[in-house]
Amino acid sequence: MEPTRSQLLPGVFLTTLRTDKFKSDCLSVNLLTALDRETVAKNALLPRVLLRGSIHHPDLDAVARAEDELYGAKILPCVRKKGEMLCVGLYAGFLADRFTPDGEKLLEPVARLLGELLLSPATHGGLLRRDYVDSEREKLLDDIRARMNDKRSYAMDRLVEEMCCYEPYGCDDMGDAAHAAAVGYVELTRHYRALLLSAPVEIFYCGAAEHDRVAAACAEALITLPRGEVDYDLGTDVRMNAVEATYRSFDETLPVAQGKLCLGFRLGECMADPDFAAILVFNAVYGGSVTSKLFENVREKLSLCYYASSACDSFKGVMLVSSGVDAKDRERAQAEILAQLDAVRAGDVTDEELTAARRYLAGALRAMTDSPGALEEFYLSQTLKGLDYGPEELAGLVELVTKQAVTDIAAGVELDAVYFLHGEDTGEEAPEDAAD
């Protein structure tokens, strides 16, 4: 599967991945904008409102009927944080032509419905419908408040918020409750119109259709897209080093049974010219796989954590470690998490550890080729990074990463912030399967 890319309209780009491997095709339209505390809640709300109805399908029932007529096509809102960029749009999954009765073609009507929802939303007096905006805003607020229910994810969100408090990256992709509650229908309409004028647009298709056919269908669907001065100056400010000479520490007390210890690192000088395959392998060796040092040593051998893992964001150049611990073990767990990083820096990585990490990553990357949605996510990220190789090629690069490349990355990693979420000190040990 080789991607094909072309420009359809000013600032509108199409990437297609032609394959007959799947029973369903996918088509997504993403408006790219900067991640910003003042606008992120508006961007999170917008696709939800657009899906409430359009000029020819004015409510949810009408949209659902249109999807049913397209053999159960499903259109979903998408808001994705990629470094300090936000991708705002719609994603459609629909039956491949060869599985429809009489080979009926669905690409064109699905593209038209996407274009209609995006460009011709249901309005009243020229503005987005107030009742739709109010309803979806309340649902968004419920989702924002519900983040606290998953304490593991909540702790990681809070780490990022505190660690990157001076950077747009500190924003969640849904925004915060205060900004979301303040969004009204008039303000959202203005924002929507400005976004259509200035946002670069990335369209992705995965399925059996030829690129030219997809291009024609999408160009027709977006023919009324207003274009002004397109803002191509989007990207992510990568901070190489920790904010302060000594890492910052943040503690929070909530009614939780199990403590959540999260560490935030800057990846350092490797981000000047990032080797993405090596970053993946470094993370897998350190904490990003079930054979990693954090899992094997901190969790299994020393039993200091109920879980311990790491994840890298190669857009921003940060690595986050998440762990569940008893409050009494907090200091020992943190020291051992850092000791395992020191071990990687020192080259204490066995051939077995390196091989297991590479094999794990290569398998996960190749598994992406079994899902249109996974491929859409992968290629959108690749496009924003300015890369054009697929998961198979990246898997091949991963298999070539050396121990020296891994230790070189580890050498530049700096601890920037530590966040600890804990309950009141009761002296009791938390159960491993605690719901929080």
Side-chain angles (χ1 to χ4, degrees), residues 8-13 28-60 62-63 75-82 84-91 113-144 168-203 221-235:
L8 304 184
L9 300 165
V12 179
F13 301 91
S28 68
V29 182
N30 299 278
L31 283 70
L32 311 183
T33 187
L35 184 64
D36 183 272
R37 285 181 174 83
E38 298 302 317
T39 60
V40 64
K42 299 175 193 174
N43 287 318
L45 180 59
L46 183 57
R48 296 172 181 235
V49 172
L50 296 179
L51 273 180
R52 287 295 297 267
S54 65
I55 187 170
H56 297 303
H57 304 87
D59 55 34
L60 285 172
V63 173
I75 300 177
L76 302 171
C78 286
V79 179
R80 290 172 282 189
K81 176 179 172 180
K82 301 287 186 179
E84 291 175 347
M85 294 173 282
L86 205 63
C87 306
V88 183
L90 304 173
Y91 175 98
L113 181 57
L114 272 178
E116 181 185 320
L117 290 166
L118 181 66
L119 302 178
S120 302
T123 58
H124 180 74
L127 300 171
L128 295 172
R129 286 184 51 160
R130 182 174 185 170
D131 54 340
Y132 288 178
V133 173
D134 289 350
S135 173
E136 294 303 322
R137 183 182 61 238
E138 291 309 307
K139 293 176 185 176
L140 175 62
L141 283 167
D142 287 344
D143 288 343
I144 291 172
Y169 191 75
C171 300
D172 185 86
D173 58 10
M174 288 192 293
D176 59 68
H179 282 94
V183 179
Y185 72 104
V186 176
E187 182 183 9
L188 187 62
T189 302
R190 291 198 194 102
H191 179 73
Y192 162 66
R193 291 172 178 165
L195 195 62
L196 291 182
L197 285 170
S198 63
V201 179
E202 286 291 339
I203 305 171
L222 299 179
I223 192 71
T224 61
L225 175 67
R227 295 273 80 182
E229 184 176 347
V230 178
D231 181 12
Y232 293 106
D233 189 23
L234 298 174

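Keep in mind that what you see is a predicted model, and the values were worked out from it rather than measured. Values below: all heavy atoms of this structure, side chains included; hydrogens, waters and symmetry mates excluded. For this chain, numbers begin at 1 and follow the sequence in order.
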Quiz item: Step by step, would you call Met174 with Val40 a side-chain contact (heavy atoms from CB on, under 4.5 Å)?
Solution: CA-CA 6 Å; Met174 288 192 293; Val40 64; over 6 Å; no
Quiz item: Do Arg52 and Leu60 pass the side-chain contact (heavy atoms from CB on, under 4.5 Å) test, and can you show the C-alpha distance, the side-chain angles, and the key distance before you say yes or no?
Solution: CA-CA 5 Å; Arg52 287 295 297 267; Leu60 285 172; 3.6 Å; yes
Any side-chain heavy-atom pair from [X] and [Y] closer than 4.5 angstrom?
X      : Y      : answer
Thr39  : Asp36  : yes
Pro47  : Val88  : yes
Leu114 : Leu222 : no
Leu140 : Arg48  : yes
Thr123 : Thr189 : no
Glu202 : Leu32  : yes
Tyr192 : Pro121 : yes

Using every non-hydrogen atom in the two residues, find where [X] and [Y] come nearest and quote the distance to one decimal.
X      : Y      : value
Val230 : Pro10  : CG2-O, 4.2 Å
Gly53  : Val63  : CA-CG2, 4.0 Å
Ala177 : Leu141 : O-CD2, 3.5 Å
Ile144 : Gly175 : CD1-O, 3.9 Å
Leu90  : Leu51  : CD2-CG, 3.9 Å
Val79  : Asn43  : CG2-O, 3.7 Å

Quiz item: In terms of side-chain geometry, is the basic nitrogen of Glu136 or Lys139 positioned less than 4.0 Å from the acidic oxygen of its partner?
Solution: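 So Glu136 pairs with Lys139 through a salt bridge.
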Quiz item: Is Arg137 salt-bridged to Asp134, cutoff N-O under 4.0 Å?
Solution: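 Yes.
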Quiz item: Excluding sequence neighbours, so at least two apart, what forms side chain to side chain donor-acceptor pair (under 3.5 Å) with Ser54?
Solution: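 Result, side chain to side chain donor-acceptor pair (under 3.5 Å) vs Ser54: Glu116.
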Quiz item: Would Lys81 count as a cation-pi partner of Tyr169, with NZ or CZ less than 6.0 Å from the six-membered ring centre and within 45° of the ring normal?
Solution: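 Flagged: Lys81 positioned over aromatic ring of Tyr169.
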Quiz prompt | Tyr232 side-chain N/O to Gly11 backbone N/O, donor-acceptor pair under 3.5 Å | solution =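 It does hold such a pair.
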Quiz item: Can you list the steps and then say if Arg227 with Ser198 is a side chain to side chain donor-acceptor pair (under 3.5 Å)?
Solution: CA-CA 7 Å; Arg227 295 273 80 182; Ser198 63; over 6 Å; no
May I have the list of side-chain donor-acceptor pairs in residues 125-133 shorter than 3.5 Å, sequence neighbours left out?
unit_1 : atom_1 : unit_2 : atom_2 : d
Arg129 : NE     : Asp131 : OD1    : 3.1
Arg129 : NH2    : Asp131 : OD2    : 2.7
Tyr132 : OH     : Pro58  : O      : 2.7

